[in-house]
Protein chains: 2
Amino acid sequence: MSTESPATRDRILDTAERLFGQQGFSCTSLRQITDEAGVNLASVNYHFGSKEELYKGVLIRRLRPINEERIKLLTQAEQLADEQPVPIRSILETFIRPLLRHATAGSAGGIAFLRLISRDLTDPQPFMTAEMVREIDPLIERYTKVLTKTLPGIPLAELFWRMQFTVGGILYAAAHQRDFERISCGLCRGDDLEGCLRRLIDFCTAGLEAPLSDFAGRLATQSGSDAGPVHP
Amino acid sequence: MSTESPATRDRILDTAERLFGQQGFSCTSLRQITDEAGVNLASVNYHFGSKEELYKGVLIRRLRPINEERIKLLTQAEQLADEQPVPIRSILETFIRPLLRHATAGSAGGIAFLRLISRDLTDPQPFMTAEMVREIDPLIERYTKVLTKTLPGIPLAELFWRMQFTVGGILYAAAHQRDFERISCGLCRGDDLEGCLRRLIDFCTAGLEAPLSDFAGRLATQSGSDAGPVHP
DNA sequence: GATCACTTAAAACAAACGTTTGAATGCATT
DNA sequence: AATGCATTCAAACGTTTGTTTTAAGTGATC
């Protein structure tokens with residue numbers, strides 16, 4: 001059983017990943033996928049059952065190894081820290097690097113996957129959320145715990161917010177990396193993975209360990225330009 | 001001319017905003033919009049010409065006043081600073097507050113609009129990008145200039161990246177504000193606009209003015225836990 | 001009261017969608 | 001050579017989609 005005819009199945013997965021990433025789930029038709037993959041229309045339903053199951057397959061195929069590597073790296077970092085708090089930079093790197101690495105390695109659909117995962121988290125497909133929560137919830141728990149230890153001064157609620165901002169920045173950057181080149185008039189290279197990683201870590205580290213502001217009415221009106229720490 | 005029968009047109013706009021925000025452009029059918037709005041199906045094409053034009057109308061209706069207010073507040077902040085650099089916190093507030101304010105004021109579709117704009121920037125509709133670029137490009141230019149003056153130590157390319165991270169964090173937070181309550185087990189309130197604004201500003205301020213890291217090979221391998229500034 | 005522009009109404013249009021069907025194909029095992 | 005099984009294929013299914021058409025209604029102006 002399952003000797004060797006994954007050619008069709010894999011071609012479908014690769015093509016679907018690319019097209020779902022470029023156009024989204026509902027804007028991509030099975031006919032377009034099968035045409036570009038060079039396979040028969042019915043083979044999707046044969047191998048995956050439905051379009052939605054195909055979508056799940058595409059997402060899980062990449063997401064699971066990414067999250068497994070995150071946990072692995074985080075565990076390593078904790079062991080290396082030896083009961084001491086793990087530096088934020090290390091925590092962030094265990095979170096971001098597997099995403100960027102897996103997504104850009106392997107078949108050409110990698111960069112498309114970044115858009116896909118970004119899209120699905122920004123705008124979840126109803127039939128996907130259950131699967132997604134099951135995949136991500138353990139991660140949230142682990143990262144919350146290790147971050148709490150590293151940032152004991154930040155209240156938990158505050159930390160949750162900042163983790164969300166972090167994820168938002170990461171996803172947006174990952175999905176639009178290629179576009180930055182146009183927006184910045186060539187200043188930002190679209191394929192500079194290490195550069196993107198470093199900048200994300202710089203930015204999010206500062207954001208996560210930012211001092212709590214005393215917000216005594218400063219934001220109450222639209223004046224909002226008095227006080228506040230200014231860079232030197 | 002144009003005496004008073006905006007009832008149908010406006011009901012379409014409001015309902016479309018809500019449904020586009022909840023389900024996205026392609027998952028929302030005209031029939032669903034017209035049914036829930038209590039108007040005839042053909043009236044959409046009569047008033048707007050096509051589904052795509054309706055979408056543009058929904059987006060522009062909110063986005064234009066938001067961006068006008070951003071420019072207005074930014075100009076005020078510059079005048080108040082009087083040739084001095086405008087504090088980052090003020091810059092950020094001129095950018096974020098109009099979005100959150102307009103989006104949650106007025107008709108109930110406000111919160112849906114946040115999801116809508118977030119979705120369209122994360123995952124642009126092809127027919128919309130031209131309109132969007134025209135709407136946003138002047139903003140990028142203005143904010144780039146004022147940020148460059150406030151953060152002279154940050155290279156322009158670095159600044160572009162950080163602006164993207166900022167936008168990503170803002171959009172993600174705006175779109176998921178309501179979900180945070182569930183994720184954080186009630187710790188984060190979904191309707192706390194001022195709180196969200198303050199936290200966003202705290203986070204992004206720190207990120208924007210973060211010191212440049214010396215990245216001498218630190219990120220080359222997956223070890224990645226040596227060196228790096230740790231919080232005190 | 002007739003004329004006009006504007007708006008709504010119901011019905012039909014062709015096109016595209018995801019899915020299903022049943023026959024044809026290839027290939028290992030009997 | 002014949003059987004059994006997994007896979008591929010072309011064709012068709014019933015819906016739903018955005019859009020168009022044609023007719024009916026509405027209210028101000030002459």
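Sequence lines set the chain letters: A, B, ... in the order given, protein chains first and strands last, and positions in each chain run from 1.
Ring pair A:Tyr143/A:Phe95: centre-to-centre distance below 6.0 Å. In summary, the aromatic rings of B:Phe127 and B:Tyr55 are positioned with their centroids under 6.0 Å apart.
Rounded to an integer number of Å, the gap from B:Ile33 CD1 to D:dG18 C1' is 11 Å. Atom OH in B:Tyr46 sits about 13 Å away from atom C1' in D:dG25, given to the nearest Å. Distance, B:Phe48 CZ to C:dC6 P: 17 Å, rounded to whole Å.
For C:dC6, neither phosphate oxygen OP1 nor OP2 lies less than 4.0 angstrom from any side-chain nitrogen or oxygen of B:His47. Contact annotation: B:Thr8 reaches the phosphate of C:dT8 (side-chain N/O to OP1 or OP2, under 4.0 Å).
Between A:Gln23 and A:Thr28, the closest heavy-atom pair is OE1-OG1, 3.2 Å.
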- Task: Encode nucleotides 9-21 of chain C as B, S and - characters from 5' to 3', where the letter depends on protein heavy atoms closer than 4.0 Å: B to the base, S only to sugar-phosphate, - to neither.
- Result: BB-B----BBBBB
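A donor-acceptor pair is defined here as one N or O able to donate and one able to accept, closer than 3.5 Å; no such pair exists between the side chain of A:Thr205 and the backbone of A:Asp202.
Among residue pairs with one or both ends in residues 36-54 of chain B, those qualifying as salt bridge (charged side-chain N to carboxylate O under 4.0 Å, His left out) are B:Arg18-B:Glu36, B:Glu53-B:Lys56; sequence neighbours excluded.
Ring geometry for B:Phe25 versus B:Phe20: interplanar angle of 30 to 60°, hence tilted.
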